[in-house]
Amino acid sequence: MMPRSSHGSTPRVSVPGAPARRPWQDQLRRDPRGFFCLQTEATRGIEVRLFLTPALLEELDDDVYGQILNATSFPGVKLVVITPDVHSGYGVPVGCIILTDAERGAVAMGPVGYDIGCGMISARSQVPVAEATPERRLAFNREVTRRVAMGPGGGSRHLRDLEQDEFLRIVRGGADYYVERYAPQVDRTRTERNRFPVDDDWEVPWGGRGRPERGIGQLGSLGGGNHFIELQACLQTGTLFVQVHTGSRGFGHGLATNYFHLAKAEKPDRITQLDLGFFTPDSRHYRSYLNAVSAGGNFAIVNRLIIYEQVARAFTDVFGAPLDLVYEISHNLVQLEEHPEFGRVWVHRKGATRAFPGGHPALTGTMWEREGHPVLIPGSNFDHSFILRPLPGARHSAYSVNHGAGRRLSRAFAERHLDRRAIEEEYRHAGIVVNTNQRVPIDEAGPCYKPAGEVVGCVVAAGLARIEYELAPLASLKGD
DNA sequence: ATGTAC
(Lines give C-alpha, C1' and ligand atoms only; values in the text may rest on other atoms or scores of the structure.)
Protein backbone atom coordinates (compact mmCIF):
# COMPACT_ATOMS: atom_id res chain seq x y z
CA MET A 1 0.00 0.00 0.00
CA MET A 2 1.31 3.40 -0.97
CA PRO A 3 1.35 5.88 1.91
CA ARG A 4 -0.95 8.79 1.36
CA SER A 5 0.39 12.28 0.96
CA SER A 6 1.24 13.58 4.40
CA HIS A 7 2.02 17.19 3.64
CA GLY A 8 -1.59 18.04 3.00
CA SER A 9 -2.30 17.56 6.66
CA THR A 10 0.55 19.78 7.88
CA PRO A 11 -1.31 22.51 9.75
CA ARG A 12 -0.76 26.11 8.77
CA VAL A 13 0.36 28.01 11.83
CA SER A 14 0.15 31.76 11.60
CA VAL A 15 3.27 33.61 12.66
CA PRO A 16 2.43 36.24 15.23
CA GLY A 17 3.35 39.82 14.64
CA ALA A 18 3.68 39.59 10.87
CA PRO A 19 2.02 42.64 9.32
CA ALA A 20 -0.33 42.01 6.43
CA ARG A 21 1.71 44.08 4.01
CA ARG A 22 5.24 45.37 3.98
CA PRO A 23 6.40 48.32 1.92
CA TRP A 24 9.33 46.52 0.33
CA GLN A 25 6.96 44.12 -1.38
CA ASP A 26 5.61 47.02 -3.41
CA GLN A 27 9.06 47.49 -4.91
CA LEU A 28 9.05 44.03 -6.44
CA ARG A 29 8.30 43.73 -10.12
CA ARG A 30 7.27 40.54 -11.87
CA ASP A 31 9.81 39.35 -14.41
CA PRO A 32 8.33 37.41 -17.36
CA ARG A 33 11.08 34.80 -16.87
CA GLY A 34 9.25 33.56 -13.77
CA PHE A 35 10.48 35.45 -10.72
CA PHE A 36 10.09 38.68 -8.77
CA CYS A 37 12.83 41.24 -9.21
CA LEU A 38 14.06 43.75 -6.63
CA GLN A 39 16.56 46.33 -7.83
CA THR A 40 16.59 49.57 -5.88
CA GLU A 41 18.88 52.06 -4.24
CA ALA A 42 18.69 49.92 -1.12
CA THR A 43 20.12 46.95 -3.06
CA ARG A 44 22.83 49.29 -4.39
CA GLY A 45 21.42 48.69 -7.86
CA ILE A 46 22.22 44.98 -7.52
CA GLU A 47 19.58 42.73 -9.05
CA VAL A 48 17.81 40.42 -6.59
CA ARG A 49 15.70 37.65 -8.11
CA LEU A 50 13.09 36.11 -5.82
CA PHE A 51 11.56 32.77 -6.70
CA LEU A 52 8.46 32.88 -4.51
CA THR A 53 4.73 32.40 -4.82
CA PRO A 54 2.62 35.32 -3.56
CA ALA A 55 1.63 33.15 -0.56
CA LEU A 56 5.26 32.34 0.33
CA LEU A 57 6.17 35.99 -0.12
CA GLU A 58 3.35 36.99 2.20
CA GLU A 59 4.59 34.88 5.11
CA LEU A 60 8.23 36.03 5.06
CA ASP A 61 9.68 37.40 8.28
CA ASP A 62 10.34 41.11 8.21
CA ASP A 63 14.03 40.64 8.84
CA VAL A 64 14.46 38.64 5.63
CA TYR A 65 14.32 41.93 3.71
CA GLY A 66 17.17 43.36 5.78
CA GLN A 67 19.12 40.16 5.23
CA ILE A 68 18.58 40.40 1.48
CA LEU A 69 20.11 43.87 1.63
CA ASN A 70 23.04 42.41 3.60
CA ALA A 71 23.48 39.85 0.83
CA THR A 72 23.95 42.67 -1.71
CA SER A 73 26.54 44.40 0.48
CA PHE A 74 29.63 42.25 -0.17
CA PRO A 75 32.27 43.70 -2.51
CA GLY A 76 31.81 42.66 -6.14
CA VAL A 77 28.28 41.20 -5.84
CA LYS A 78 26.72 40.63 -9.26
CA LEU A 79 23.45 38.93 -8.43
CA VAL A 80 21.43 37.70 -5.46
CA VAL A 81 18.87 34.91 -5.88
CA ILE A 82 16.25 34.00 -3.26
CA THR A 83 14.76 30.50 -3.28
CA PRO A 84 11.18 29.71 -2.17
CA ASP A 85 12.31 28.00 1.06
CA VAL A 86 13.94 31.26 2.20
CA HIS A 87 13.85 32.11 5.87
CA SER A 88 15.67 34.24 8.35
CA GLY A 89 19.32 33.26 8.87
CA TYR A 90 21.83 35.11 11.02
CA GLY A 91 22.88 37.93 8.69
CA VAL A 92 21.99 36.65 5.24
CA PRO A 93 18.89 34.57 4.50
CA VAL A 94 18.98 30.79 4.43
CA GLY A 95 17.83 30.05 0.89
CA CYS A 96 19.95 32.47 -1.09
CA ILE A 97 22.60 32.42 -3.79
CA ILE A 98 25.16 35.22 -4.00
CA LEU A 99 27.34 35.70 -7.09
CA THR A 100 30.54 37.72 -6.71
CA ASP A 101 33.16 38.61 -9.29
CA ALA A 102 35.79 35.86 -9.37
CA GLU A 103 38.73 38.22 -9.94
CA ARG A 104 37.92 41.21 -7.74
CA GLY A 105 34.94 40.23 -5.63
CA ALA A 106 34.63 38.98 -2.08
CA VAL A 107 34.45 35.42 -0.88
CA ALA A 108 31.89 35.75 1.89
CA MET A 109 31.68 33.64 5.03
CA GLY A 110 28.05 34.01 6.15
CA PRO A 111 26.80 32.74 2.79
CA VAL A 112 28.77 29.55 3.40
CA GLY A 113 27.95 29.36 7.08
CA TYR A 114 29.32 27.46 10.03
CA ASP A 115 28.37 24.08 8.61
CA ILE A 116 30.68 24.18 5.60
CA GLY A 117 29.59 21.65 2.98
CA CYS A 118 26.36 20.63 4.72
CA GLY A 119 24.22 18.59 2.35
CA MET A 120 22.39 15.45 1.30
CA ILE A 121 22.94 11.92 0.11
CA SER A 122 20.18 9.71 -1.33
CA ALA A 123 19.99 6.03 -2.16
CA ARG A 124 17.33 3.78 -3.67
CA SER A 125 16.38 0.13 -3.46
CA GLN A 126 14.21 -2.32 -5.33
CA VAL A 127 12.41 -3.33 -2.16
CA PRO A 128 8.62 -2.83 -2.46
CA VAL A 129 7.20 -0.32 0.02
CA ALA A 130 4.90 -3.00 1.47
CA GLU A 131 7.99 -4.71 2.92
CA ALA A 132 8.41 -1.80 5.31
CA THR A 133 6.03 -3.04 7.99
CA PRO A 134 5.85 -1.04 11.24
CA GLU A 135 8.13 -3.65 12.87
CA ARG A 136 10.74 -3.31 10.12
CA ARG A 137 10.64 0.49 10.23
CA LEU A 138 11.49 0.30 13.90
CA ALA A 139 14.12 -2.37 13.24
CA PHE A 140 15.70 -0.13 10.62
CA ASN A 141 15.90 2.73 13.13
CA ARG A 142 17.43 0.40 15.72
CA GLU A 143 20.03 -0.93 13.28
CA VAL A 144 21.00 2.56 12.16
CA THR A 145 21.15 3.82 15.75
CA ARG A 146 23.62 1.02 16.53
CA ARG A 147 25.91 2.07 13.69
CA VAL A 148 25.75 5.86 13.47
CA ALA A 149 26.29 8.32 16.31
CA MET A 150 23.65 11.04 16.35
CA GLY A 151 23.25 14.31 18.18
CA PRO A 152 25.70 17.05 19.12
CA GLY A 153 29.02 15.81 20.36
CA GLY A 154 28.55 12.45 18.67
CA GLY A 155 31.78 10.72 17.75
CA SER A 156 33.03 8.46 15.01
CA ARG A 157 32.28 4.75 15.42
CA HIS A 158 34.15 3.47 12.40
CA LEU A 159 37.26 5.60 12.06
CA ARG A 160 38.08 5.79 15.74
CA ASP A 161 41.54 6.91 16.83
CA LEU A 162 42.30 8.35 13.42
CA GLU A 163 45.87 9.67 13.31
CA GLN A 164 46.11 13.36 12.48
CA ASP A 165 48.11 12.53 9.33
CA GLU A 166 45.44 10.18 8.05
CA PHE A 167 42.69 12.68 8.88
CA LEU A 168 44.63 15.22 6.82
CA ARG A 169 44.85 12.85 3.87
CA ILE A 170 41.08 12.45 4.03
CA VAL A 171 40.22 16.15 4.19
CA ARG A 172 42.73 16.88 1.44
CA GLY A 173 41.80 13.94 -0.75
CA GLY A 174 38.03 13.98 -0.24
CA ALA A 175 35.98 11.17 -1.76
CA ASP A 176 38.82 10.30 -4.15
CA TYR A 177 41.08 9.33 -1.29
CA TYR A 178 38.40 7.94 1.02
CA VAL A 179 36.77 5.68 -1.56
CA GLU A 180 40.08 4.37 -2.84
CA ARG A 181 41.45 3.65 0.63
CA TYR A 182 38.34 2.58 2.55
CA ALA A 183 35.33 1.97 0.33
CA PRO A 184 36.17 0.85 -3.22
CA GLN A 185 32.58 -0.40 -3.65
CA VAL A 186 31.18 3.16 -3.48
CA ASP A 187 30.31 4.70 -6.86
CA ARG A 188 32.34 7.91 -6.97
CA THR A 189 30.59 9.19 -10.09
CA ARG A 190 27.51 9.96 -8.02
CA THR A 191 28.83 12.89 -6.05
CA GLU A 192 28.54 16.60 -6.89
CA ARG A 193 32.29 16.86 -6.41
CA ASN A 194 34.71 14.09 -5.46
CA ARG A 195 37.26 16.43 -4.05
CA PHE A 196 37.62 20.15 -3.50
CA PRO A 197 41.24 21.11 -4.17
CA VAL A 198 43.36 22.02 -1.15
CA ASP A 199 46.73 23.72 -1.71
CA ASP A 200 49.75 21.75 -0.53
CA ASP A 201 51.02 24.67 1.51
CA TRP A 202 47.74 25.24 3.38
CA GLU A 203 47.71 24.00 6.92
CA VAL A 204 44.71 23.27 9.11
CA PRO A 205 44.73 25.93 11.84
CA TRP A 206 45.17 23.34 14.58
CA GLY A 207 44.65 24.84 17.98
CA GLY A 208 43.24 28.04 16.48
CA ARG A 209 40.01 29.73 17.51
CA GLY A 210 37.28 27.17 16.99
CA ARG A 211 39.65 24.22 17.43
CA PRO A 212 38.91 22.34 14.21
CA GLU A 213 40.80 19.32 15.59
CA ARG A 214 37.62 18.34 17.44
CA GLY A 215 36.41 17.11 14.04
CA ILE A 216 39.05 14.37 13.91
CA GLY A 217 36.97 12.06 16.06
CA GLN A 218 33.69 12.90 14.36
CA LEU A 219 33.97 11.46 10.84
CA GLY A 220 30.89 9.33 10.25
CA SER A 221 28.66 11.02 12.86
CA LEU A 222 25.36 12.70 12.02
CA GLY A 223 25.21 15.73 14.30
CA GLY A 224 22.16 17.50 15.67
CA GLY A 225 19.64 20.17 14.71
CA ASN A 226 18.05 19.49 11.34
CA HIS A 227 20.44 16.68 10.44
CA PHE A 228 18.63 13.40 9.89
CA ILE A 229 18.43 9.94 8.33
CA GLU A 230 15.14 8.86 6.77
CA LEU A 231 13.57 5.75 5.27
CA GLN A 232 11.17 6.75 2.51
CA ALA A 233 8.55 5.40 0.12
CA CYS A 234 9.02 6.49 -3.49
CA LEU A 235 5.69 7.36 -5.11
CA GLN A 236 6.99 6.73 -8.66
CA THR A 237 8.78 3.39 -8.19
CA GLY A 238 6.84 2.02 -5.22
CA THR A 239 10.15 1.08 -3.61
CA LEU A 240 12.11 2.12 -0.52
CA PHE A 241 14.58 5.02 -0.62
CA VAL A 242 16.92 6.36 2.06
CA GLN A 243 18.18 9.91 2.58
CA VAL A 244 20.79 11.46 4.87
CA HIS A 245 21.37 15.12 5.80
CA THR A 246 24.64 16.04 7.51
CA GLY A 247 27.66 18.31 7.24
CA SER A 248 31.20 18.94 8.43
CA ARG A 249 30.52 18.71 12.19
CA GLY A 250 33.01 20.31 14.56
CA PHE A 251 35.69 20.45 11.86
CA GLY A 252 33.82 22.84 9.55
CA HIS A 253 32.48 24.76 12.50
CA GLY A 254 35.97 25.16 13.92
CA LEU A 255 37.36 26.34 10.57
CA ALA A 256 34.54 28.85 10.10
CA THR A 257 35.05 30.17 13.62
CA ASN A 258 38.79 30.46 13.11
CA TYR A 259 38.58 32.40 9.84
CA PHE A 260 35.79 34.58 11.14
CA HIS A 261 38.12 35.84 13.86
CA LEU A 262 40.81 36.54 11.26
CA ALA A 263 38.31 38.49 9.13
CA LYS A 264 37.19 40.42 12.17
CA ALA A 265 40.78 41.30 13.04
CA GLU A 266 41.27 42.63 9.51
CA LYS A 267 38.15 44.82 9.49
CA PRO A 268 37.08 45.30 13.12
CA ASP A 269 34.90 48.27 12.20
CA ARG A 270 32.90 46.39 9.55
CA ILE A 271 32.85 42.72 10.44
CA THR A 272 31.09 42.05 13.71
CA GLN A 273 29.57 38.64 13.04
CA LEU A 274 30.31 35.69 10.79
CA ASP A 275 27.49 36.60 8.46
CA LEU A 276 29.13 39.83 7.44
CA GLY A 277 32.62 38.34 7.24
CA PHE A 278 34.37 38.22 3.88
CA PHE A 279 37.79 38.21 2.27
CA THR A 280 38.76 40.05 -0.89
CA PRO A 281 41.68 38.88 -3.07
CA ASP A 282 44.02 41.43 -1.45
CA SER A 283 43.57 39.79 1.96
CA ARG A 284 46.31 37.47 3.18
CA HIS A 285 43.56 35.11 4.32
CA TYR A 286 41.62 35.00 1.02
CA ARG A 287 43.23 31.87 -0.42
CA SER A 288 43.58 30.36 3.02
CA TYR A 289 39.83 30.63 3.68
CA LEU A 290 39.08 29.08 0.29
CA ASN A 291 41.31 26.17 1.29
CA ALA A 292 39.37 25.85 4.53
CA VAL A 293 36.09 25.71 2.59
CA SER A 294 37.60 22.96 0.42
CA ALA A 295 38.79 20.97 3.43
CA GLY A 296 35.45 21.41 5.21
CA GLY A 297 33.64 20.44 2.01
CA ASN A 298 35.77 17.31 1.68
CA PHE A 299 35.04 16.36 5.30
CA ALA A 300 31.31 16.76 4.67
CA ILE A 301 31.37 14.60 1.52
CA VAL A 302 33.29 11.83 3.25
CA ASN A 303 31.05 12.12 6.31
CA ARG A 304 28.00 11.52 4.10
CA LEU A 305 29.65 8.56 2.37
CA ILE A 306 30.59 6.91 5.67
CA ILE A 307 27.09 7.33 7.07
CA TYR A 308 25.58 6.11 3.81
CA GLU A 309 27.64 2.90 4.01
CA GLN A 310 26.47 2.26 7.56
CA VAL A 311 22.86 3.01 6.67
CA ALA A 312 23.16 0.67 3.68
CA ARG A 313 24.34 -2.12 6.01
CA ALA A 314 21.43 -1.49 8.36
CA PHE A 315 19.06 -1.49 5.39
CA THR A 316 20.42 -4.79 4.08
CA ASP A 317 20.19 -6.38 7.52
CA VAL A 318 16.52 -5.46 7.80
CA PHE A 319 15.29 -5.76 4.21
CA GLY A 320 17.72 -8.30 2.80
CA ALA A 321 18.51 -6.20 -0.27
CA PRO A 322 21.13 -3.61 -1.25
CA LEU A 323 20.90 0.16 -1.54
CA ASP A 324 22.16 1.95 -4.65
CA LEU A 325 23.56 5.45 -4.39
CA VAL A 326 21.49 8.05 -6.27
CA TYR A 327 23.53 11.18 -5.61
CA GLU A 328 25.42 13.22 -3.04
CA ILE A 329 25.22 17.04 -3.04
CA SER A 330 25.84 20.02 -0.75
CA HIS A 331 23.73 23.12 -0.10
CA ASN A 332 26.25 25.23 1.89
CA LEU A 333 29.28 26.08 -0.23
CA VAL A 334 31.08 28.61 -2.35
CA GLN A 335 32.29 27.36 -5.72
CA LEU A 336 33.90 28.93 -8.79
CA GLU A 337 31.56 28.68 -11.78
CA GLU A 338 31.11 30.12 -15.23
CA HIS A 339 27.82 31.94 -15.66
CA PRO A 340 26.39 32.91 -19.08
CA GLU A 341 25.29 36.37 -17.87
CA PHE A 342 27.96 37.17 -15.31
CA GLY A 343 31.12 35.37 -16.40
CA ARG A 344 33.46 33.72 -13.89
CA VAL A 345 31.90 34.08 -10.47
CA TRP A 346 32.08 32.77 -6.94
CA VAL A 347 28.70 31.14 -6.41
CA HIS A 348 27.77 31.15 -2.71
CA ARG A 349 24.91 28.79 -1.99
CA LYS A 350 23.53 29.30 1.51
CA GLY A 351 20.74 26.78 1.90
CA ALA A 352 20.56 26.41 -1.86
CA THR A 353 21.42 23.50 -4.15
CA ARG A 354 23.40 23.45 -7.38
CA ALA A 355 21.19 22.63 -10.38
CA PHE A 356 23.09 22.05 -13.63
CA PRO A 357 20.69 21.01 -16.42
CA GLY A 358 21.57 18.69 -19.28
CA GLY A 359 24.00 20.39 -21.64
CA HIS A 360 25.72 22.40 -18.91
CA PRO A 361 29.44 22.46 -19.79
CA ALA A 362 30.48 21.35 -16.29
CA LEU A 363 28.65 18.04 -16.85
CA THR A 364 30.33 17.20 -20.16
CA GLY A 365 31.70 13.69 -20.09
CA THR A 366 29.71 12.68 -17.00
CA MET A 367 26.68 10.41 -16.79
CA TRP A 368 24.57 13.53 -16.15
CA GLU A 369 25.39 15.43 -19.31
CA ARG A 370 22.06 14.74 -21.03
CA GLU A 371 19.53 15.03 -18.19
CA GLY A 372 21.36 17.07 -15.58
CA HIS A 373 22.41 15.83 -12.16
CA PRO A 374 19.89 14.83 -9.47
CA VAL A 375 18.98 17.51 -6.92
CA LEU A 376 18.14 16.25 -3.43
CA ILE A 377 15.45 18.24 -1.62
CA PRO A 378 14.34 17.09 1.84
CA GLY A 379 11.00 18.03 3.36
CA SER A 380 10.29 17.79 7.07
CA ASN A 381 10.03 14.32 8.59
CA PHE A 382 6.24 14.61 8.34
CA ASP A 383 6.27 15.74 4.73
CA HIS A 384 7.47 14.59 1.34
CA SER A 385 11.01 14.93 0.03
CA PHE A 386 11.90 15.30 -3.63
CA ILE A 387 14.56 14.36 -6.14
CA LEU A 388 14.55 16.90 -8.97
CA ARG A 389 16.26 17.22 -12.33
CA PRO A 390 17.33 20.70 -13.35
CA LEU A 391 15.88 22.33 -16.50
CA PRO A 392 17.43 24.97 -18.78
CA GLY A 393 15.42 27.67 -16.96
CA ALA A 394 17.82 27.19 -14.02
CA ARG A 395 20.17 29.65 -15.75
CA HIS A 396 17.92 32.41 -14.35
CA SER A 397 18.54 31.26 -10.77
CA ALA A 398 22.33 30.97 -11.12
CA TYR A 399 21.87 27.22 -11.69
CA SER A 400 20.42 26.75 -8.23
CA VAL A 401 17.23 25.70 -6.52
CA ASN A 402 16.04 25.51 -2.92
CA HIS A 403 17.56 23.14 -0.34
CA GLY A 404 14.45 22.02 1.52
CA ALA A 405 11.06 23.15 2.68
CA GLY A 406 12.40 26.04 4.74
CA ARG A 407 11.73 26.77 8.35
CA ARG A 408 8.44 28.48 9.14
CA LEU A 409 8.41 28.49 12.96
CA SER A 410 11.39 29.42 15.08
CA ARG A 411 12.68 26.71 17.41
CA ALA A 412 11.71 28.79 20.43
CA PHE A 413 8.18 29.37 19.11
CA ALA A 414 7.77 25.65 18.42
CA GLU A 415 8.95 24.67 21.90
CA ARG A 416 6.45 27.06 23.42
CA HIS A 417 3.37 26.53 21.29
CA LEU A 418 3.35 23.06 19.75
CA ASP A 419 1.62 20.22 21.56
CA ARG A 420 4.08 17.36 21.80
CA ARG A 421 1.50 14.69 22.59
CA ALA A 422 -0.75 15.69 19.70
CA ILE A 423 2.18 15.77 17.31
CA GLU A 424 3.55 12.40 18.39
CA GLU A 425 0.07 10.98 17.95
CA GLU A 426 -0.08 12.39 14.40
CA TYR A 427 3.22 10.75 13.53
CA ARG A 428 2.02 7.47 15.01
CA HIS A 429 -1.21 7.72 13.06
CA ALA A 430 0.69 8.42 9.84
CA GLY A 431 2.87 5.37 10.52
CA ILE A 432 6.07 7.42 10.70
CA VAL A 433 8.45 5.83 13.20
CA VAL A 434 10.67 8.43 14.89
CA ASN A 435 13.95 7.23 16.38
CA THR A 436 13.50 4.13 18.54
CA ASN A 437 11.04 5.67 21.02
CA GLN A 438 8.66 7.73 18.81
CA ARG A 439 9.83 10.87 20.58
CA VAL A 440 9.62 13.72 18.02
CA PRO A 441 12.08 16.61 18.47
CA ILE A 442 9.46 19.32 18.75
CA ASP A 443 11.53 22.09 17.15
CA GLU A 444 11.99 19.85 14.11
CA ALA A 445 8.40 18.61 13.79
CA GLY A 446 6.33 18.95 10.61
CA PRO A 447 4.59 22.25 11.50
CA CYS A 448 8.02 23.92 11.88
CA TYR A 449 8.48 23.71 8.12
CA LYS A 450 6.73 25.09 5.07
CA PRO A 451 4.84 22.57 2.91
CA ALA A 452 7.55 21.00 0.73
CA GLY A 453 5.13 20.46 -2.16
CA GLU A 454 4.33 24.16 -2.29
CA VAL A 455 8.00 25.14 -2.21
CA VAL A 456 9.02 22.61 -4.85
CA GLY A 457 5.93 23.54 -6.86
CA CYS A 458 7.27 27.09 -7.06
CA VAL A 459 10.60 25.85 -8.44
CA VAL A 460 8.79 23.66 -10.98
CA ALA A 461 6.41 26.46 -12.02
CA ALA A 462 9.39 28.75 -12.61
CA GLY A 463 10.89 26.17 -14.98
CA LEU A 464 14.02 25.60 -12.87
CA ALA A 465 13.59 21.83 -12.44
CA ARG A 466 11.18 18.94 -12.81
CA ILE A 467 10.20 16.34 -10.22
CA GLU A 468 11.81 12.95 -10.79
CA TYR A 469 10.88 11.26 -7.51
CA GLU A 470 8.57 12.19 -4.64
CA LEU A 471 9.32 10.47 -1.35
CA ALA A 472 7.08 9.95 1.69
CA PRO A 473 8.63 9.45 5.15
CA LEU A 474 8.33 6.03 6.82
CA ALA A 475 10.99 6.20 9.51
CA SER A 476 12.96 9.19 10.76
CA LEU A 477 16.17 9.38 12.75
CA LYS A 478 17.37 12.55 14.40
CA GLY A 479 19.90 13.22 17.06
CA ASP A 480 19.10 15.67 19.85
C1' DA B 1 25.19 24.42 12.49
C1' DT B 2 28.31 24.07 17.18
C1' DG B 3 32.20 20.13 23.23
C1' DT B 4 24.85 25.67 22.19
C1' DA B 5 27.94 32.95 24.60
C1' DC B 6 31.99 36.75 26.17
Side-chain angles (χ1 to χ4, degrees), chain A residues 67 85-96 108-121 148-157 160 162 167 204-229 244-261 264-265 268 271-277 289 292-293 295-301 303-304 307 330-334 348-353 378 380 403-407 410-412 414-415 441-444 448-449 477-480:
Chain A
Q67 296 190 352
D85 55 338
V86 66
H87 60 93
S88 175
Y90 294 101
V92 295
V94 177
C96 80
M109 309 181 77
V112 176
Y114 279 107
D115 193 356
I116 297 168
C118 180
M120 306 296 305
I121 189 164
V148 181
M150 287 175 273
S156 179
R157 298 217 181 133
R160 257 198 292 244
L162 207 56
F167 177 80
V204 178
W206 304 119
R209 292 288 286 265
R211 307 190 67 82
E213 56 273 23
R214 64 196 152 107
I216 295 178
Q218 296 181 322
L219 263 171
S221 64
L222 189 71
N226 60 4
H227 289 173
F228 70 86
I229 298 169
V244 178
H245 178 216
T246 189
S248 52
R249 309 290 285 106
F251 183 62
H253 189 276
L255 291 173
T257 303
N258 184 73
Y259 284 92
F260 160 60
H261 284 283
K264 193 171 164 178
I271 297 171
T272 54
Q273 50 184 0
L274 177 106
D275 315 82
L276 305 174
Y289 175 65
V293 172
N298 289 335
F299 183 111
I301 295 167
N303 201 31
R304 284 188 282 275
I307 293 174
S330 169
H331 47 235
N332 264 3
L333 273 179
V334 56
H348 305 74
R349 293 188 178 91
K350 170 69 180 170
T353 318
S380 80
H403 81 308
R407 185 166 278 279
S410 75
R411 292 183 189 278
E415 299 277 4
I442 207 72
D443 56 344
E444 284 291 324
C448 297
Y449 289 90
L477 289 141
K478 270 186 193 263
D480 170 333

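Please read these numbers as outputs of a predicted model, since none were measured by experiment. Quick note on labels: first sequence line is chain A, next is B, and so on, each numbered from 1.
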Between P of dT2(B) and OH of Y259(A), the distance in whole Å: 20 Å
Protein-nucleotide distance (I116(A), atom CD1; dT2(B), atom P), rounded to Å: 12 Å
Gap between atoms CG and P, on N303(A) and dT2(B) respectively (whole Å): 10 Å
Sugar-phosphate, base or nothing in reach of Y90(A), heavy atoms under 4.0 Å: base
Distance in angstrom units between Q218(A) CD and dT2(B) P, rounded: 8 Å
Sugar-phosphate only, base, or nothing, as touched by G252(A) at under 4.0 Å among non-hydrogen atoms: nothing
Length of the line joining D115(A):CG and dT4(B):P, which is rounded to integer Å: 16 Å
Sugar-phosphate only, base, or nothing, as touched by G225(A) at under 4.0 Å among non-hydrogen atoms: sugar-phosphate
Contact nearer the 5' end of DNA chain B, comparing S248(A) with H261(A): S248(A)
Protein-nucleotide distance (K264(A), atom NZ; dC6(B), atom P), rounded to Å: 8 Å
Distance-only polar pair, side chains of H261(A) and R209(A), donor-acceptor under 3.5 Å: yes
Of L255(A), I116(A), N332(A), N298(A), the residue whose pairing with V293(A) passes side-chain contact (heavy atoms from CB on, under 4.5 Å): I116(A)
Ring centers of H245(A), H331(A) separated by less than 6.0 Å: yes
Side chains of H403(A) and D85(A), donor plus acceptor under 3.5 Å: yes
Touch class at under 4.0 angstrom, heavy-atom based, for R249(A) against every strand present: sugar-phosphate
Touch class at under 4.0 angstrom, heavy-atom based, for E213(A) against every strand present: nothing
Nearest-angstrom distance from the residue atom OH of Y114(A) to C1' of dT4(B): 11 Å
Pair F251(A) + F167(A): ring centers closer than 6.0 Å: yes
Length of the NE2-P vector between H227(A) and dT4(B), whole Å: 16 Å
